[in-house]
Number of protein chains: 2
Amino acid sequence: MKFTEAQLEFIQLWGNFGSQWGINKTMAQVHALLLTSDEALSTDEIMETLGISRGGVNTNVRELIVWNLVYKSAKPGDRKEFFVAEKDIWEVAKRITRERQRREIEPLMHHLNRLKNVDEADPQSLNFVKTVGDIERLVGRMSSASDTLMKLEENTFFGTLIRKWK
Amino acid sequence: MKFTEAQLEFIQLWGNFGSQWGINKTMAQVHALLLTSDEALSTDEIMETLGISRGGVNTNVRELIVWNLVYKSAKPGDRKEFFVAEKDIWEVAKRITRERQRREIEPLMHHLNRLKNVDEADPQSLNFVKTVGDIERLVGRMSSASDTLMKLEENTFFGTLIRKWK
DNA sequence: TAAAACTTTCAATAATTACTGAAAGTTTTA
DNA sequence: TAAAACTTTCAGTAATTATTGAAAGTTTTA
């Protein structure tokens, strides 16, 4: 299997997977392309490879920069902007986790907590408060589990480094 | 805050959260409604509360049954079908995890693995194989972390039961 | 300073995804 | 057995979401 072929397949795969998890398909594809490119790419190169418009590249790349998954990078002697992706996958995972935590989990937790102030006189509130509380606990634990995993990976990676240095 | 008000707010919240994570909004809403209802509900009651069509209720309830989150339930003296949700949130989480594992993670892992058969002669393949391999490892570990969490919860729950019995 | 090179924005449009409702199908009743 | 009660299906339509592309904006060059 030729590299370019494999890369395009990976881009498709990552795009589909992303959209199943609520991430814009094109944004995931741009990310996949940059993740698997050794060199920094220009807007025109991204347009060309993915067959999307200039506006589309601009919007999606900028969003990836907001997520802290992609950086701008200048090439000497060229005044275009070039883009590179963070290549360390554990770092990528950490940043995605962090961003979703901030954007989605925290507001969710806040709302759930507020909903527990339901009129206790109503007999239906009993099950309701339990359910909402259980979801709160579940989401909280999933959050901290993924935190733990990220930290664990950090240590494992660090461990690998140390082993290499010895 | 009145119960009904809180329940409707929860339904909205869960619907929005679901759609941010790739789950059909209406399906999440039906789920939220059943989760927070003490009694089993008929198609007409769901239509009424959520303001959606008969076809919509039918499709979404059936999908929830496939996910093993909702059961049919008969009421004596009534020939309509009624629906109840599984109320144990850890069980719910386990079943959603199981289903997404089967539908999304497994195929993803399979494809990623296949992509590692890229022509090694191409110098770009080096980074590519590393990236794909790292993603494989990451996804694998996240999977087993969530497994572990579910099992842990099972034990915690069991522990609570035991404590109560003593 | 103004033209060239490049980036950004966003209204219009396209693509995707979800929902409706009525007809067809099924089960129950009498 | 046929009418009533109920469930399912799915073509058509609506709602949502994503994309284009050209005009406006910005930066650089000479």
Side-chain angles (χ1 to χ4, degrees), chain A residues 11-34 40-67 70-84 100 103-104, chain B residues 11-34 40-67 70-84 100 103-104:
Chain A
I11 289 167
Q12 286 312 111
L13 184 65
W14 206 234
N16 293 337
F17 189 69
S19 65
Q20 279 175 325
W21 287 81
I23 284 151
N24 177 292
K25 181 173 180 152
T26 305
M27 174 169 147
Q29 288 183 335
V30 175
H31 188 217
L33 171 60
L34 291 172
L41 301 182
S42 68
T43 297
D44 291 84
E45 287 166 322
I46 299 171
M47 286 170 67
E48 166 76 14
T49 314
L50 302 181
I52 64 182
S53 73
R54 186 170 303 281
V57 171
N58 189 270
T59 307
N60 286 294
V61 161
R62 255 174 333 108
E63 189 63 6
L64 285 164
I65 292 175
V66 170
W67 281 68
V70 164
Y71 317 114
K72 287 186 183 180
S73 134
K75 276 193 187 177
D78 201 324
R79 74 198 245 203
K80 280 206 273 296
E81 283 179 338
F82 290 80
F83 306 100
V84 211
R100 294 205 99 159
R103 294 187 184 201
E104 296 153 14
Chain B
I11 289 168
Q12 284 314 110
L13 184 64
W14 206 234
N16 293 337
F17 188 70
S19 64
Q20 277 175 325
W21 287 81
I23 282 151
N24 176 292
K25 180 174 180 152
T26 305
M27 173 168 148
Q29 288 182 336
V30 174
H31 188 216
L33 171 59
L34 291 173
L41 301 182
S42 68
T43 298
D44 291 83
E45 288 167 322
I46 299 171
M47 286 170 67
E48 168 75 13
T49 314
L50 302 182
I52 63 181
S53 73
R54 189 170 301 278
V57 172
N58 189 271
T59 306
N60 285 294
V61 162
R62 254 170 337 107
E63 189 64 6
L64 285 164
I65 292 176
V66 170
W67 281 68
V70 164
Y71 316 114
K72 287 186 182 178
S73 134
K75 275 193 188 177
D78 201 326
R79 73 197 244 202
K80 279 206 274 295
E81 284 178 337
F82 291 81
F83 306 100
V84 212
R100 295 205 99 161
R103 293 188 185 201
E104 295 153 15

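Below, read A as the first sequence line, B as the second, and so on, with proteins coming before strands; counting in each chain starts at 1.
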All N/O donor-acceptor pairs, side-chain side in residues 18-25 of chain A, below 3.5 Å, sequence neighbours left out:
| unit_1 | atom_1 | unit_2 | atom_2 | d |
| --- | --- | --- | --- | --- |
| A:S19 | OG | A:N16 | O | 3.1 |
| A:W21 | NE1 | B:E104 | OE1 | 3.1 |
| A:N24 | OD1 | A:T26 | N | 2.8 |
| A:N24 | OD1 | A:M27 | N | 2.9 |
| A:K25 | NZ | A:N16 | OD1 | 3.0 |

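Within residues 50-59 of chain B, the residues approaching DNA chain D are B:R54, B:G55, B:N58, by heavy-atom distance under 4.0 Å. Within residues 19-31 of chain A, the residues that place at least one heavy atom under 4.0 Å from DNA chain D are, in residue-number order, A:N24, A:T26.
Taking the side-chain hydrogen bond (donor to acceptor under 3.5 Å, both in side chains) definition, one finds that B:S42 meets it with B:E45, sequence neighbours left out. Scored by the side-chain hydrogen bond (donor to acceptor under 3.5 Å, both in side chains) test, B:R62 finds B:N58 as partners (sequence neighbours excluded). The salt bridge (charged side-chain N to carboxylate O under 4.0 Å, His left out) check on A:K72 picks up A:E81, with sequence neighbours excluded. B:R54 pairs by the salt bridge (charged side-chain N to carboxylate O under 4.0 Å, His left out) definition with B:D44, not counting sequence neighbours. Scored by the side-chain hydrogen bond (donor to acceptor under 3.5 Å, both in side chains) test, B:N60 finds no partners at all (sequence neighbours excluded).
Scanning both residues, A:A28 and A:W14, for their nearest heavy atoms gives O-CD1, 3.5 Å. Taking both residues in full, the closest heavy atoms of A:A32 and A:I11 are given as CB-CA, 3.8 Å, listed atom of the first, atom of the second, then distance.
Protein atom NZ of A:K72 is 8 Å distant from nucleotide atom C1' of C:dT7, rounded to whole Å. Rounded to whole angstrom, the span from the CZ atom of A:F83 across to the C1' atom of C:dT8 amounts to 11 Å. Between the CD1 atom of B:I46 and the P atom of D:dT7 there is a distance of 10 Å, given to the nearest Å. Atom pair A:L41:CG and C:dT7:P shows a separation of 13 Å (rounding to whole Å applied). Between the C1' atom of D:dC6 and the CD atom of B:E45 lies a distance of 15 Å, rounded to the nearest Å. Between the CG atom of B:N60 and the P atom of C:dC19 there is a distance of 6 Å, given to the nearest Å. Between the CD atom of B:E63 and the C1' atom of C:dA18 there is a distance of 13 Å, given to the nearest Å. For the pair A:K80 NZ and C:dT8 P, the computed distance is 14 Å after rounding to whole Å.
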Every protein N/O within reach of nucleotides 24-30 of chain D N/O, cut-off under 3.5 Å:
none

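Two residues are said to be in side-chain contact when any heavy atoms from C-beta on lie closer than 4.5 Å; A:L64 and A:V30 meet this criterion.
Rounding to the nearest 0.5 angstrom, the gap separating the OG1 atom in A:T49 from the CD atom in A:Q29 is 11.5 Å. We find the CD1-CZ distance between B:I46 and B:F83 to be 6.0 Å, quoted to the nearest 0.5 Å.
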Carefully, step by step, assess B:L34 and B:L41 under the rule side-chain contact (heavy atoms from CB on, under 4.5 Å).
CA-CA 7 Å; B:L34 291 173; B:L41 301 182; 3.9 Å; yes
Using a 3.5 Å limit on both pairing distances, list the dot-bracket string of DNA chain D from the 5' end; Watson-Crick and G-U wobble pairs count, crossing pairs take [ ], interstrand pairs take |.
||||||||||||||||||||||||||||||
